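Take a look at the structure set out below.
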Protein chains: 2
Amino acid sequence: MTEEDAEPIRRRPGGRAARVRQAVLAAALEVLAEEGVARFGIAAVAARAGVNETTVYRRWGTREKLVLDAMLAGSTEGIPVPDTGDVRTDLAAFARALADYLATPAGRAVARAAALSSDDPGLAEAWETFWQSRLELAGAIVERAVERGELPAGTDTGLALELLCSPLQTRALLGHRPIEPDLPERLADTVLDGLRGRG
Amino acid sequence: MTEEDAEPIRRRPGGRAARVRQAVLAAALEVLAEEGVARFGIAAVAARAGVNETTVYRRWGTREKLVLDAMLAGSTEGIPVPDTGDVRTDLAAFARALADYLATPAGRAVARAAALSSDDPGLAEAWETFWQSRLELAGAIVERAVERGELPAGTDTGLALELLCSPLQTRALLGHRPIEPDLPERLADTVLDGLRGRG
DNA sequence: CACTTAACGCAAGTAGCCTTGCGTTAAGGT
DNA sequence: ACCTTAACGCAAGGCTACTTGCGTTAAGTG
């Protein structure tokens, strides 16, 4: 099991390589947003980046890996996590922001791309951590609510966010049905109080 | 707006045509379950059905349409809808059955196929009605609960099922994270009583 | 049974995706 | 400034999905 001690293989992170990388990743995000996942091709990305096709194939190999890398590198900023002091307001606002994002071409494309590449175990795990890191940020909403006494101690943060976000993601993924304006609020209400209502 | 009166184009639903159709659709479901969506190809389906590739291309045109047609024709039976007299038990059992189905290769493949072909407006609408018809059957669980007084009148049946099923669908679609054994029950509990619990 | 033609099989051809070999450019060390 | 070589561009080739033209089979009709 030789790790990497046998061959030093000095990399060259500076100058041209980094420039090419940035250009390709930026172009990938643009093509993804404009053309969608189905028409997303290496050729289009390479042309827009002003780079030869071969370079993209050698560095990334497949469409799926390129999309994943572009997402990991490009979208460091995520959905804003509100903090108004009220759980219901926070959850509704976050759900609304997520719904708006998923309504954009880029948002749709990202969700589709993740669904596409979930066959490969390695890529699926990478996407999982990607989503996980995003949801952990929003977990603060639930945790703050527990501290304020709005939610009981021991509340499952992951389950709460999954219930809130999954309906939106599912609609974006496999439906053509649009997300109604009041859906985020109704989701927040039901997640908090259940179908039976309060009391 | 000529409907279909100009060209009668007498179809031939009997005999060979129907035989070929059934063979291809059955083969499509098999290939879909065994190879997955990514490796799903017209050639493999045609070979397994004992039919020439050209025939499949001429009748269905694209992979997406073939998968959709195979699903619509092949899986008339859906997830069993329990009726135990208790909402919580019914919802948990249905969620569990759905989770089990999504864990099978065929279930995963179906979900992925729907996500793939949701770019085409026509196909997306067809898939939407497909899911819709499945969820309407399960809607009986909520409606019966309302009649029994377990749930308040005016309960949103669609929202209830969406909250119950979406987390399972989302995990199957874009994660590698498995569905924990107790997840269906926890989903049913939270959907009914909310994060704040009962009382 | 004879006739029309929808539906199928066969084979050749096209196009897009991806790989490979080789020469060239430029980054990083001496 | 010089050398080594990682990284890129170019061009040719292979592979797979898909299309098209044409002859053949068999379903439906009188």
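Just so it is clear: chains get the letters A, B, ... in the order the sequence lines come, proteins before strands, and each one is counted from 1. Keep in mind the model is a prediction, meaning the values are calculated, not measured. Just so you know, these numbers use all the heavy atoms, side chains as well, and skip hydrogens, waters and symmetry mates.
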NZ/NE/NH1/NH2 to OD/OE distance under 4.0 Å, [X] and [Y]:
{"X": "B:E162", "Y": "A:R171", "value": "yes"}
{"X": "B:R48", "Y": "B:E35", "value": "no"}
{"X": "A:D120", "Y": "A:K65", "value": "no"}

Between [X] ([atom1]) and [N] ([atom2]), how many Å, whole number?
{"X": "A:R39", "N": "C:dC17", "atom1": "CZ", "atom2": "C1'", "value": "17 Å"}
{"X": "B:R21", "N": "D:dA27", "atom1": "CZ", "atom2": "P", "value": "17 Å"}
{"X": "B:W60", "N": "D:dT19", "atom1": "CH2", "atom2": "P", "value": "15 Å"}
{"X": "B:R59", "N": "D:dC18", "atom1": "CZ", "atom2": "C1'", "value": "18 Å"}
{"X": "A:K65", "N": "C:dC17", "atom1": "NZ", "atom2": "C1'", "value": "16 Å"}
{"X": "B:R63", "N": "C:dG16", "atom1": "CZ", "atom2": "C1'", "value": "12 Å"}

Taking B:E150 for the side chain and B:V87 for the main chain, is one N or O donor matched with an acceptor at less than 3.5 Å?
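Present.
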Any donor-acceptor pair under 3.5 Å linking the side chain of A:R96 with the backbone of A:P181?
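The answer is yes, because a donor-acceptor pair under 3.5 Å joins these two groups.
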Do A:R112 and B:S118 get their side chains close enough for a donor-acceptor pair, meaning under 3.5 Å?
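Present: a donor and an acceptor within the cut-off.
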Do any of residues 42-57 of chain B sit with a heavy atom less than 4.0 Å from DNA chain D, and if so which?
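Going residue by residue through residues 42-57 of chain B, the ones with a heavy atom under 4.0 Å of DNA chain D turn out to be B:I42, B:T54, B:Y57.
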If you find the nucleotide of DNA chain D closest to B:G61 and the one closest to B:R19, which residue's nucleotide is nearer the 5' end?
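Result of the comparison: B:G61.
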Report the nucleotide, chosen from C:dT20, C:dA7, D:dA17, that has the shortest atom-to-atom distance to any side-chain atom of A:R58.
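Nearest listed nucleotide: C:dT20.
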Count the heavy atoms of every other residue, nucleotide or ligand shown that sit under 6.0 Å from CZ of A:R39, and state whether that count exceeds 12.
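No, CZ of A:R39 has 12 or fewer neighbouring heavy atoms, counting only those of other groups under 6.0 Å.
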Could you please spell out the steps behind the side-chain hydrogen bond (donor to acceptor under 3.5 Å, both in side chains) verdict for B:N52 and B:T54?
CA-CA 5 Å; B:N52 193 279; B:T54 317; 2.8 Å; yes
Contact list please: residues 111-124 of chain A against DNA chain C, heavy atoms, distance less than 4.0 Å, in numerical order.
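Of all residues in residues 111-124 of chain A, none places a heavy atom under 4.0 Å from DNA chain C.
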Starting at CG of A:L168, measure out to OH of A:Y101 and round the result to the nearest 0.5 Å.
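The CG atom of A:L168 sits 13.5 Å away from the OH atom of A:Y101.
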